[in-house]
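Notes to accompany the following structure.
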Amino acid sequence: MSEPPDRGRFAATPLPLWYRVPDGFHPIDLDEDSEERLEQTAQALARVYPSATREQLVATTLGFELTLAKAASAGVVFFSSFVLRTEEDEPVAGICQLSVAERPPGDPNLYPLNVLEAAAPPEQGVHQGIVELPGGPAAVTVAGHETSVPGVLFGVEGNVSSLVRTVTFQMAVPRSREAVTIFFATEDLEHDDEFLELATVFAAGVSFTQPPKPPSEEEVAAAERIQGDVRATFG
C-alpha cells in the first residue's frame with residue numbers, strides 16, 4: 001500500500017490518495033537521486049540489451065530520465081512498468097502512471113461526464129464510458145492507436161512507430177479542486193482482456209481514504225463487480 005504523495009505545487013499537505021501496487025509492478029522512485037537512477041537504468045538496459053552500444057545506452061537512459069522529469073512536472077506521482085503472466089503463462093508487459101492535476105470547479109460526481117463532453121468526438125476504435133469505482137465515478141477511455149517515438153530514445157535515427165493499447169481512468173478527488181488520472185499502456189495487443197482486467201483492478205484500488213490491509217472482502221467483491229461493469233461497457 002502506498003503512502004499519500006505530496007501535493008507538490010498544489011498544497012503543502014500530502015494528498016489523501018492511496019493505491020495498491022500489484023505483484024509484477026516495478027515502480028520508479030520519482031524522489032530518488034537522478035544520477036543514481038541514471039546509473040541503475042543504464043545497468044538494467046545493458047543486461048536486457050547486451051549488444052547495445054554505449055551511445056545507444058546513454059541516449060536511451062537520458063531520454064528516459066527526461067521523460068520522467070517531464071512527467072513529474074506534469075503531476076505524475078506514480079510511474080511503473082509491469083510484467084505479468086496470463087493463465088496460459090504468456091507475458092503481458094506495459095507501463096502504468098498515476099497523475100494529479102487541478103480540475104475546474106464543480107460537483108466532483110459530474111467531473112467524469114464533463115471530461116467526456118469536453119473531449120473531441122472519439123475516433124474509430126476509441127471507446128468511452130463512465131464506471132463506478134470505489135473512489136467515485138470515473139471517465140474511462142479505451143483506445144488503440146499508433147504512436148511515434150523519437151528514435152534518439154533508442155539510439156537510432158528517425159522515429160520509431162509502435163501500435164499501443166491504452167486505458168485511461170479520470171476521476172475527481174472528493175472535497176478538493178484536483179483530479180486523478182490513471183493511465184495504462186501496452187504494445188501487447190494479443191491479451192486485451194487481461195490488460196483491461198489489470199488496469200481495472202489497479203483503478204479499483206485507488207482510494208481517497210486509507211483502506212484496510214489486506215483488502216477487505218467488500219473491496220475484493222467491489223473489484224470483481226467493477227471488472228464485470230467494464231467488460232459489459234467495453235466488450
Side-chain angles (χ1 to χ4, degrees), residues 1-32 71-80 82 84 95-116 118 128-142 167-184 195-234:
M1 175 62 62
S2 70
E3 294 297 324
D6 288 338
R7 269 188 166 96
R9 61 187 176 87
F10 300 113
T13 58
L15 179 70
L17 173 65
W18 287 263
Y19 46 92
R20 299 189 184 279
V21 181
D23 294 337
F25 276 58
H26 306 282
I28 300 295
D29 186 354
L30 299 176
D31 295 324
E32 184 180 21
S73 65
V76 171
V77 297
F78 173 80
F79 184 93
S80 176
F82 62 83
L84 304 175
I95 62 168
C96 164
Q97 72 178 41
L98 192 155
S99 58
V100 180
E102 295 182 76
R103 66 174 177 87
D107 186 341
N109 292 313
L110 296 179
Y111 175 72
L113 180 60
N114 295 336
V115 167
L116 296 184
Q128 296 177 324
I130 296 176
V131 297
E132 189 69 35
L133 298 176
V140 185
T141 301
V142 179
V167 183
T168 306
F169 296 81
Q170 294 172 272
M171 58 181 170
V173 180
R175 301 173 296 280
S176 171
R177 284 285 305 278
E178 296 156 345
V180 168
T181 298
I182 305 158
F183 175 80
F184 273 74
F195 174 64
L196 186 58
E197 179 178 342
L198 172 63
T200 302
V201 168
F202 185 92
V206 173
S207 175
F208 303 110
T209 58
Q210 187 168 7
K213 302 179 183 179
S216 65
E217 293 182 4
E218 291 79 7
E219 188 176 358
V220 174
E224 293 175 349
R225 173 184 57 78
I226 293 163
Q227 290 180 41
D229 291 345
V230 170
R231 288 195 187 98
T233 302
F234 300 102

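Keep in mind that this is a model prediction, so the values were computed, not measured.
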What one should report as the nearest heavy-atom pair of Gly129 and Leu116 is O-CD1, 3.7 Å
For Gly135, does its backbone N or O pair with a side-chain atom of Ser207 as donor and acceptor, under 3.5 Å?
-> no
Sequence neighbours excluded, which residues qualify as side-chain contact (heavy atoms from CB on, under 4.5 Å) partners of Pro22?
-> Phe25, Phe202
Which one of Arg103, Glu178, Arg175, Arg177 satisfies the side chain to side chain contact (heavy atoms under 4.5 Å, CB included) criterion with Pro108?
-> Arg103
Determine whether Pro104 and Asn114 make a side-chain contact, defined as any pair of heavy atoms from C-beta on separated by less than 4.5 Å.
-> no
In Å and rounded to the nearest 0.5 Å, what is the OG to CD distance from Ser176 to Glu102?
-> 9.0 Å
What is the minimum heavy-atom distance between Phe169 and Ala199, and which atoms define it?
-> CE1-O, 3.8 Å
Are any non-hydrogen side-chain atoms of Phe195 and Phe82 less than 4.5 angstrom apart?
-> yes
So which heavy atom on Pro112 is nearest to which on Ala139, and how close?
-> CB-N, 3.4 Å
Partners of Val180 by side-chain contact (heavy atoms from CB on, under 4.5 Å), sequence neighbours excluded?
-> Leu17, Leu98, Val100, Val173, Ile182, Phe208
Can you name the side-chain contact (heavy atoms from CB on, under 4.5 Å) partners of Asp107, sequence neighbours left out?
-> Asn109, Leu110
Shortest non-hydrogen separation from Leu133 to Ala138 and the atoms involved = CD1-CB, 3.7 Å
Which heavy atom in Val206 sits nearest to a heavy atom in Tyr19, and how many Å separate them?
-> CG2-CB, 4.1 Å
For residues Leu196 and Val142, determine if any side-chain heavy atom of one lies less than 4.5 Å from a side-chain heavy atom of the other.
-> yes
Between Ser80 and Phe78, which heavy-atom pair has the shortest distance, and what is it?
-> CB-CZ, 3.5 Å
Gap separating the CD1 atom of Ile95 from the NE2 atom of His26, nearest 0.5 angstrom = 14.0 Å
Heavy-atom side-chain contact between Tyr111 and Pro137 under 4.5 Å | no
